[in-house]
Each structure stands twice: as structure tokens, then as C-alpha cells.
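Everything on this sheet refers to the single structure shown next.
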Amino acid sequence: MTTLEKAVFNRTELLVGPEGMTAIQNASVILFGLGGVGSWCAEGLVRSGIRKLTLVDSDCICITNVNRQLMATTQTVGKVKVEVLRERLLQINPKADIQAIQAIYSTETADSFQLEQYDYILDCIDSLKDKMDLLLRASALPGTLFSAMGAALKMDPTGVRVAPFADVRGCPLAAAIRKKMRREHKWPAKSFLCVYDEEVLENKGKQTACGTEHCMCPRKSEGDPSLAGHEWCSSKAVINGTLAHITAIFGFTLAGLVIEHILGTRP
């Protein structure tokens, strides 16, 4: 550990001890999805001492991300998420090895991420199909998998909890994934823990795409097919309300699972 890192992580090492600190710094993590949950998870990991972190997300920052995503401000709208977050994380620990991959995880791209080389695989993906593929694939690998379920439509910070995927109840996203797995007769190779919350509120506002003068998507143009699936310029099937304190708790809880597992305080 460098002199700088010794100073930065003084309080962490005080709690976990020199051996625990070394174990944290030697762990390798790949994180899929840098939204309201994933961005805060990345922050928690690096501030806890994780040095080897790969960030995966295809999107640019949208004005509608500013209410809950760590790297999203009115000054970063339109910029690439993985690049902005990497820059911030390196300001925390310049010695960290932060890899930024602007890409979508899917069945077609899965092999390119070389998941087998990571100690921890973290899922913060929104897309049902892609999320299920990652859960199935990662659960069959030696690395430890942790997943975040739906964090939208929630306000109570005390409701966030952790359970094995098979035991998650009250979460529409988890239910939809299990239903799809049953329909396709595909099951995780091993159990994995999820961060979830049973609270499901209703949207009280009107659903709209951002579509304002504040939209700074660098590829924004009328009828541009490359915009398909991008939150800031296109209409999703469902857009749900989200609050920063809930998504941050999800993200920090996910980071906490990694740290506890490294230290052996959580099975």
C-alpha cells in the first residue's frame, strides 16, 4: 500500500486490520449498470479500498439522472457515464485500477467481459432479459455474485433488506425474473444474495420522456435509431419514480455485501 493509500484508508484499516485491508485491495470486481444503484455501489467499493474495479454501462448522463445518480450533475449531462464515474473514483484513490467499458451486457456480448477472471460480479442491470442472462451465467462461475433488484417506487429507507434470490418476496422485478426462468426452464447454478425492498408505491406524477431543452444527448436527432433504449430521448415501456436516498442505500448495501464477504464476516 502506498503512503497516500495508507493515509486515505487509515480509518478502514483501523476497523478491518492490515490483513483485511490487503484482502480488500486484492479483490477484483466487475459492476454492471451505473444508474441510481450501481453508481453509489462503485463509490462505496472504492472508498472501502477496492482497487480493481471494472465499470460497465453503455449510457450517457441524462438530465433525469441528476436526482439520484452519483456522477450526474447539471455539468455532466451528455457525458459518458463510465468515463465520468471513473474520473471521480480516481480522485478518491489515484492508485486504483478502474476500467471503464461503455457497452451493453447481453447474451451476444457476454463473453467479451471475461467474467471468470473476477472475484465478484455485481448486477445492477435494469433490462429483464439481460439481467436474467447475467444472473444465470455468473451463478455458474467461481466468482461471487450479488444482485440488486428494483429500487424504484420506494420511500422508506428502513425497508431495504438482503436475502437469497429464491427468498426475495414483494419485489415485482424478482418475481418477473423467476417467472421468465420458469417459463424457459433455466435456473441459477447456485444461490446468490440480492438487495431488495418490498415497498411498492404508485407514481403520482405524469410519465414523460425528458424531451426538454435540457436534453444534451450528443446523438440527439430526429429519428436517429441509435437512440433506441436511451432514457433521455426515448419512451420506455415503464418509467417509475425514484429517490436518491433509496438507490444509494441499495448501492451501499451491495458494496457492503462485497466487503463483508471479503472479510469473511458474511457467508
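Keep in mind the model is a prediction, meaning the values are calculated, not measured.
Using a 4.0 Å cut-off between a side-chain N of Lys or Arg and a carboxylate O of Asp or Glu, K180 and E184 qualify as a salt bridge. The existence of a salt bridge linking D133 and K129 is excluded, since no basic side-chain nitrogen approaches an acidic carboxylate oxygen closer than 4.0 Å. Taking the charged nitrogens against the carboxylate oxygens, D123 and K131 do have a contact shorter than 4.0 Å, which makes a salt bridge.
Side chain of N26 to main chain of T22: a donor-acceptor pair is present (N/O by atom type, distance under 3.5 Å, no hydrogens or angles). No donor-acceptor distance shorter than 3.5 angstrom exists from the side chain of N65 to the backbone of A72, with no hydrogens or angles considered. Looking at T109, its side chain never comes within 3.5 Å of a backbone N or O of T107 through a donor-acceptor pair. Remark: side-chain polar atoms of H245 are paired, donor with acceptor, to backbone N or O of M155 under 3.5 angstrom. Here the side chain of Q102 pairs no donor or acceptor atom with the backbone of V80 at under 3.5 angstrom. In this structure, N93 contributes its side chain and L90 its backbone to no donor-acceptor pair below 3.5 Å. Side-chain N or O atoms of N67 include none that pairs as donor or acceptor with a backbone N or O of A244 at under 3.5 Å. K81 contributes no side-chain N or O that, together with a main-chain N or O of D59, makes up a donor-acceptor pair within less than 3.5 Å. Of the possible donor and acceptor atoms, one in the side chain of S139 sits under 3.5 Å from a partner among the backbone N and O of A189. Counting only distance, with no hydrogens or angles, the side chain of T73 and the backbone of T76 share a donor-acceptor pair below 3.5 Å.
For the 3.5 Å distance criterion, the side chains of K52 and Q99 fail to qualify, holding no donor opposite an acceptor. Judged by distance alone, the side chains of T2 and E5 do bring a donor and an acceptor atom under 3.5 Å apart. Under the 3.5 Å distance criterion, with hydrogens and angles disregarded, no donor-acceptor pair is assigned to the side chains of Y120 and S28.
I50 places a side-chain heavy atom less than 4.5 Å from the side chain of I262.
Cluster annotation: V200 is not connected to I239 through the hydrophobic network of ILVMFWY side chains, with a link wherever side-chain heavy atoms come within less than 4.5 Å.
Relative ring orientation between F192 and F165 is described as parallel, the plane-to-plane angle staying below 30° on a 0-90° scale split at 30° and 60°.
The environment of E87 atom CD is sparse: at most 12 non-hydrogen atoms of other residues, nucleotides or ligands sit within 6.0 angstrom.
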